[in-house]
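In what follows, a single structure is set out as structure tokens and then discussed.
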Amino acid sequence: MNEVRAICGRLNAAHADLIDLVTDLVREESWAIGGIRSPEHWLTCFAGVSPATARDLVWIATRSVELPALSRELHTGRLSLGQAAVVAAHTPVGYDQAVVDLAVHATVPQLRRALVNYDFSDQPDTDSPTPPPDPFSISAQPAELSMHYDHDRFHLTYSAPADIGALVEQALIEAKDALFLATDSKEQGRRVRLADAMAQIATRSLHVGTTEIAGRADTFRIYLHLDTSGQGWLTKRGALPPHLLRKWTCDGLVQPVWETDGTPVNVGRTHRIVPRRTRRLIEDHDRGCAYPGCAAVHHLECHHIVHWADGGTTNITNLISLCPHHHDRHHTGDYTIHPEPGRPGRPARFRFATRHGHPIEPAVATTPPDATPPPVQPAPPRYPGPTNEILHLDQVRFRRRNERLRQ
């Protein structure tokens, strides 16, 4: 048991040092290199930790300033990473010392049960009377929505009464949660936004509506027009920037329009840019998004290394699987992909680099033979560990830091 406590003490102190590094990483935003979507993704890719551990490290690091007692006990080795993660997730500002006093003696499940339903709010002694509603107030006005395009961006403004707003809010939250699970965002540390949920709701509506009623699929389809000069535009809209043309022609549907002397005379059959049989081969080979550290395995898109719009071929030597996020970031120039020579018919691997040419992969550290060994650091104190006694939640009371000081 003494050996376990000694090892855990060293491990906790090492985690505290790693959290200090993550704190600097988040504050300076040095994690934001091409294709890396979050600090959690950076840790998964370069620190070799699991996505769950990466989330805990980032959450503790972001709260270390406002919870000084938590940071202090971490460095002493008295708190494990699991205990610290629960404290960081559920402790308001000012209660950290009281919660940490319990945390050093409680197991992680006990600590979670004690904090998850604890009411830290200061309840007023008397309830103030609620004024009667005003039928002519702005809150009683009907819902309003406006939308327009400006500088290749779509702008949407929506205002509604509180009851309708609550309905829209719940729909967005449900779509956000569904998208979070469907894209394996939990494993890759991705922050799914409400803006992503809006696109998910639109996709659902079009998918359901076009499969139930014949003819609706063509009515609500988005058409991208291309010409031989390399330009493109949306129906009834202006020209599109080149990076959007390259993205949409990587993996989509093509329906040619035949012209005679500049006059359209016939519309051909719709077919996929990437055939289904080729897509299955690429997805089976890559087994998920090919970007380093990305754990997405669903809703992947086939990307042309040499862009289809530039004459790139649609075969397994020129295709790679990317999730929608990394596919979009590549076409906006956030990072580059370079195939490396491999066996005939398929590159051995792809090399990812930032827009400045720096490789996106863990650096191999080498120690020169004449390097002086680092000084031996004193061993951290032993980890005391939980007492494993029964925790009576009705007896748990937390007080603010200033209240404790007055006593």
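Along the sequence shown, residues are numbered consecutively beginning with 1.
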Any chance you could lay out the side-chain contact (heavy atoms from CB on, under 4.5 Å) test for D96 and E66, step after step, and finish with the verdict?
CA-CA 9 Å; D96 53 318; E66 58 188 18; over 6 Å; no
Can you list the residues that meet the side-chain hydrogen bond (donor to acceptor under 3.5 Å, both in side chains) rule with [X], with sequence neighbours excluded?
| X | answer |
| --- | --- |
| R153 | none |
| S64 | none |
| Q200 | none |

To the nearest 0.5 Å, how far apart are [atom1] in [X] and [atom2] in [Y]?
| X | Y | atom1 | atom2 | answer |
| --- | --- | --- | --- | --- |
| D196 | M198 | CG | CE | 11.0 Å |
| I60 | I19 | CD1 | CD1 | 4.0 Å |
| N318 | T313 | CG | OG1 | 4.5 Å |
| T91 | L115 | OG1 | CG | 5.0 Å |

Pair V297, C289 - check side-chain contact (heavy atoms from CB on, under 4.5 Å), show working.
CA-CA 6 Å; V297 295; C289 179; over 6 Å; no
Should the ring pair H307 and H303 be called parallel, tilted or perpendicular, given that the plane angle runs from 0 to 90° and is split at 30 and 60?
perpendicular
Take the angle between the ring planes of Y291 and F352 and call it parallel below 30°, perpendicular above 60°, tilted in between.
perpendicular
Option from E73, R400, R72 for which side-chain hydrogen bond (donor to acceptor under 3.5 Å, both in side chains) with Q97 holds
R72
Between W31 and I36, is there a donor-acceptor pair closer than 3.5 Å when you use the side chain of the first and the backbone of the second?
no
Assess the residue pair H330 and H326 against the criterion (ring pair (Phe, Tyr, Trp, His ring centres under 6.0 Å)); give the C-alpha distance rounded to whole Å, side-chain angles, the decisive distance to 0.1 Å, and a yes or no.
CA-CA 6 Å; H330 171 70; H326 285 116; over 10 Å; no
